[in-house]
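Scroll down for the structure; my scribbles are underneath it.
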Amino acid sequence: MMLLNVCRILIILMAGHPYGSANAALQQNSGEEAVKTVIGQLFEGMRKGDSTMVKDVFAPGAVLQTIATLPGQTPQVRTEALQRFLEAVGRPHTDVWDEQITYGHIAIDGPLASVWTPYRFYLGQQFSHCGVNSFQLVLLEGKWKIVYLVDTRRKACE
């Protein structure tokens with residue numbers, strides 16, 4: 001019994017020890033890299049026009065939304081069915097869909113990740129629009145999957 005108590009005390013002390021914190025930081029970094037890989041696969045699939053590659057990163061029932069703001073109007077939220085998006089990606093088109101992102105804030109808490117990615121979207125070489133993506137991902141059966149994606153779209157970019 002005393003050995004069990006000593007083990008408990010050591011575990012508590014290690015949790016507050018810098019090495020315990022370093023281990024948590026390493027886990028956070030590996031989680032961030034795994035999440036970035038999933039998001040990267042989405043945009044690579046879009047560039048290739050590969051709907052199967054894109055579909056693989058989404059969880060069943062995933063929600064896709066856009067916040068649209070037309071001049072002189074209040075913002076509106078538009079929801080797009082995942083299947084419709086996948087059909088659009090896979091439908092042959094002459095211009096490459098090139099969404100160029102940067103990673104802003106990434107937060108992970110256990111099986112939940114939230115990622116903010118400013119972007120610029122190009123049809124081939126032609127600039128189309130810019131905005132921000134907000135991803136919610138969940139770790140399902142050991143794999144990160146996108147469960148929610150909402151974005152903004154605008155023509156004027158800094």
Side-chain angles (χ1 to χ4, degrees), residues 18 20-158:
S21 298
N23 188 34
L26 287 174
Q27 288 176 347
Q28 175 77 10
N29 287 341
S30 66
E32 287 181 10
E33 290 307 313
V35 165
K36 286 180 177 181
T37 298
V38 170
I39 292 170
Q41 180 178 327
L42 165 63
F43 295 119
E44 185 62 22
M46 287 172 57
R47 278 188 285 279
K48 291 181 175 181
D50 185 339
S51 60
T52 302
M53 187 177 191
V54 170
K55 182 179 181 181
D56 188 51
V57 302
F58 286 97
V63 176
L64 284 73
Q65 293 184 315
T66 295
I67 301 178
T69 307
L70 299 173
Q73 295 183 3
T74 59
Q76 296 184 4
V77 179
R78 286 192 246 157
T79 302
E80 181 174 9
L82 177 58
Q83 187 58 40
R84 186 171 170 193
F85 174 67
L86 294 172
E87 290 168 1
V89 168
R91 189 176 305 118
H93 41 273
T94 56
D95 292 319
V96 172
W97 293 4
D98 186 15
E99 188 156 333
Q100 300 175 6
I101 66 168
T102 56
Y103 287 95
H105 182 72
I106 299 175
I108 299 175
D109 183 29
L112 175 67
S114 178
V115 183
W116 183 267
T117 62
Y119 73 90
R120 296 176 67 85
F121 186 85
Y122 294 83
L123 289 171
Q125 300 296 316
Q126 183 70 37
F127 172 78
S128 173
H129 60 276
C130 64
V132 172
N133 298 310
S134 175
F135 292 90
Q136 299 298 309
L137 299 92
V138 176
L139 191 60
L140 299 171
E141 298 177 7
K143 294 181 181 179
W144 287 103
K145 297 289 184 176
I146 300 167
V147 294
Y148 182 61
L149 169 57
V150 61
D151 66 65
T152 60
R153 296 179 188 180
R154 61 184 182 278
K155 295 284 185 184
C157 307
E158 296 82 49

Problem - Stepwise side chain to side chain contact (heavy atoms under 4.5 Å, CB included) check, Y148 with S134 - result: CA-CA 8 Å; Y148 182 61; S134 175; 5.8 Å; no
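- Here the closest non-hydrogen pair linking T117 and V115 is CG2-CG1, 3.7 Å.
- Atoms CD1 and CD1, from I39 and I101 in turn, are 6.0 Å apart once rounded to the nearest 0.5 Å.
- A cation-pi contact, defined as under 6.0 Å to the ring centre and within 45° of the axis, links K36 to Y103.
- Here the CG atom belonging to D98 is positioned 11.5 Å from the OG atom belonging to S128, to the nearest 0.5 angstrom.
- T152 places no side-chain N or O within donor-acceptor distance of the main-chain N or O of I67, the cut-off being under 3.5 Å.
- Taking CD from Q83 and NZ from K55, the interatomic distance works out to 6.0 Å, rounded to the nearest 0.5 Å.
- Using the six-membered ring where Trp is involved, F121 and H129 have ring planes that are parallel, under 30° apart on the 30 and 60° scheme.
- More than 12 non-hydrogen atoms from other residues, nucleotides or ligands lie less than 6.0 angstrom from CH2 of W97.
- One distance of note links CD1 of I106 with CD of E32; it measures 4.5 Å at 0.5 Å rounding.
- Taking each heavy atom of A59 and V147 in turn, the nearest pair found is CB-CG1, 3.6 Å.
- Counting only heavy atoms from C-beta outward, the side chains of L112 and L137 never approach each other to under 4.5 Å.
- Taking 4.0 Å as the cut-off between side-chain N and carboxylate O, K145 and D56 count as a salt-bridged pair.
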Practice task
Kindly determine whether Q100 and Y122 satisfy side chain to side chain contact (heavy atoms under 4.5 Å, CB included), including the steps that lead there.
Solution key: CA-CA 8 Å; Q100 300 175 6; Y122 294 83; 3.6 Å; yes
Handout entry: Intermediate values then yes/no, side chain to side chain contact (heavy atoms under 4.5 Å, CB included), L64 and L82
Key = CA-CA 7 Å; L64 284 73; L82 177 58; 3.9 Å; yes
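- Under a cut-off of 6.0 angstrom, the local environment of CD in Q73 is crowded, with over 12 non-hydrogen atoms contributed by other residues, nucleotides or ligands.
- Counted within 6.0 Å of CZ on R78, heavy atoms from surrounding residues, nucleotides or ligands total 12 or fewer; the atom is thus considered open.
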Practice task
Begin from the C-alpha positions of I146 and V38 and carry the test side chain to side chain contact (heavy atoms under 4.5 Å, CB included) through to its verdict.
Solution key: CA-CA 8 Å; I146 300 167; V38 170; 4.3 Å; yes
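- The minimum heavy-atom distance linking G104 with P118 is given by the pair N-CD, 4.1 Å.
- Minimum heavy-atom separation, R120 to C157: NH1-CB, 3.4 Å.
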Problem - Evaluation steps, side chain to side chain donor-acceptor pair (under 3.5 Å), between Q125 and D95 - result: CA-CA 8 Å; Q125 300 296 316; D95 292 319; over 6 Å; no
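- Interatomic distance, L42 CG to L149 CG, rounded to the nearest 0.5 Å: 7.0 Å.
- Nearest heavy-atom pair across I108 and G31 is CD1-C, 3.4 Å.
- To the nearest 0.5 Å, atoms NE2 (H105) and CH2 (W116) are separated by 10.5 Å.
- Using a 4.0 Å cut-off between charged side-chain N and carboxylate O, E87 and R84 make no salt bridge.
- Between V54 and F43 the shortest side-chain heavy-atom distance does not fall below 4.5 Å.
- Looking at K48 and M53, their side chains come closer than 4.5 Å, going by heavy atoms from C-beta outward.
- Here the closest non-hydrogen pair linking R153 and T66 is NH2-OG1, 3.2 Å.
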